[in-house]
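Presented below is the structure to which this report refers.
Since we're looking at a predicted model, the values are computed, not measured.
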Amino acid sequence: PPEAQRQTRDYAERLTTAGAPRRIAERLVRLAQLDGAIGIAALATRMQLEPVAVTRAFTALGDALGIDWAQGAAMQLDPHDPWERLLAAGLARDFQAMRLDFLTRHAGGDPEAGVAAWVAAQAARVAAFHAMIDRARLSMPTTAMLAQIAGQARVLLGR
């Protein structure tokens, strides 16, 4: 999706600007691009679903809510405090795990249709959440901001 592509380009630029050799930067970017693939593949296998359909549903849910941005923002934080580094890493994993847990509950036989139906049924809440994400995008993300977003995402995805 466009948000993931933008974040990946930004990540590559930050690495090379910081002096990382191009080859290493490309490999790190590739690892970031593959983030989540194992969880998606495991979920597809466990639920006996087509991995591509699960991937599309995972992406559609992240896009509908804007938590793909939040996950990427958490991954790109560079806090100096070790406790904040742990929180940032945990948030990045949490944004991913929330979507996988949601798909476990709502995927059914057609995960894309399950996500679309849930988004339609929760349209007002989804729109309000996405508006909050849009406001957050206008500022410099912090661990506290992303932790608050994660808490609200958990509540919304639990509906």
Pairing donors with acceptors under 3.5 angstrom, does anything connect the side chains of Arg93 and Gln71?
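Side chains of Arg93 and Gln71: no pair found under 3.5 Å.
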
Please check if the number of heavy atoms outside Leu31 that lie under 6.0 Å from its CG is greater than 12.
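Enclosed: over 12 neighbouring heavy atoms sit under 6.0 Å from CG of Leu31.
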
Distance from [X] atom [atom1] to [Y] atom [atom2], nearest 0.5 Å?
X	Y	atom1	atom2	result
Gln76	Arg14	CD	CZ	4.5 Å
Arg56	Ile40	CZ	CD1	12.0 Å
Gln122	Leu157	CD	CG	9.5 Å
Thr16	Ile24	OG1	CD1	12.5 Å
Leu61	Ile67	CG	CD1	5.0 Å
Leu65	Met132	CG	CE	9.0 Å

Determine the minimum heavy-atom distance between [X] and [Y], stating which atoms define it.
X	Y	result
Pro79	Ala88	CG-CB, 4.4 Å
Ile133	Gly66	CG2-O, 3.7 Å
Ala150	Asp94	CB-OD2, 4.2 Å
Leu91	Ala74	CB-CB, 4.1 Å
Ala64	His130	O-CD2, 2.8 Å
Met140	Met145	O-CE, 3.7 Å

Whether Arg22 and Glu26 form a salt bridge (side-chain N of Lys/Arg under 4.0 Å from carboxylate O of Asp/Glu) is what I want to check.
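Salt bridge flag = yes for Arg22 with Glu26.
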
Side chain to side chain contact (heavy atoms under 4.5 Å, CB included) between Ile149 and Trp69: does it pass, once the steps are laid out?
CA-CA 11 Å; Ile149 289 170; Trp69 169 83; 4.2 Å; yes

Check whether Arg125 reaches the backbone of Leu156 with its side chain - one donor and one acceptor, N or O, closer than 3.5 Å.
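A pair under 3.5 Å: no.
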
If only atom types and distance count, is the side chain of Arg30 paired as donor or acceptor with the main-chain N or O of Ala25 below 3.5 Å?
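Here the side-chain-to-backbone pair does not exist.
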
Who passes side-chain contact (heavy atoms from CB on, under 4.5 Å) against Arg27, sequence neighbours left out?
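Once residues adjacent in sequence are excluded, the partners of Arg27 under the side-chain contact (heavy atoms from CB on, under 4.5 Å) criterion are Arg23.
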
Can you give me every donor-acceptor pair (side chain of residues 41-54, partner residue at least two apart or in another chain, under 3.5 Å) with its distance?
unit_1 : atom_1 : unit_2 : atom_2 : d
Thr45  : OG1    : Ala41  : O      : 2.9

So Phe58 and Val115, side chain to side chain contact (heavy atoms under 4.5 Å, CB included) or not? Walk me through it.
CA-CA 8 Å; Phe58 181 89; Val115 167; over 6 Å; no

If the plane angle is over 60° it's perpendicular, under 30° parallel, otherwise tilted; pick one for Trp118 and His106.
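Ring orientation of Trp118 relative to His106: tilted.
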
Kindly indicate, with the supporting measurements, whether the criterion side chain to side chain contact (heavy atoms under 4.5 Å, CB included) is fulfilled by Tyr11 and Leu28.
CA-CA 9 Å; Tyr11 181 50; Leu28 289 171; 3.9 Å; yes

Same cluster for Met75 and Leu146 if Ile/Leu/Val/Met/Phe/Trp/Tyr side chains link at under 4.5 Å?
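No: no chain of side-chain contacts under 4.5 Å links Met75 to Leu146.
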
Are Phe129 and Val155 co-members of a hydrophobic cluster defined by side-chain heavy atoms under 4.5 Å apart?
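Cluster IDs for Val155 and Phe129 differ.
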
Can you check side chain to side chain contact (heavy atoms under 4.5 Å, CB included) on Arg99 and Asp68, steps first, answer last?
CA-CA 10 Å; Arg99 288 189 270 179; Asp68 52 352; 4.1 Å; yes

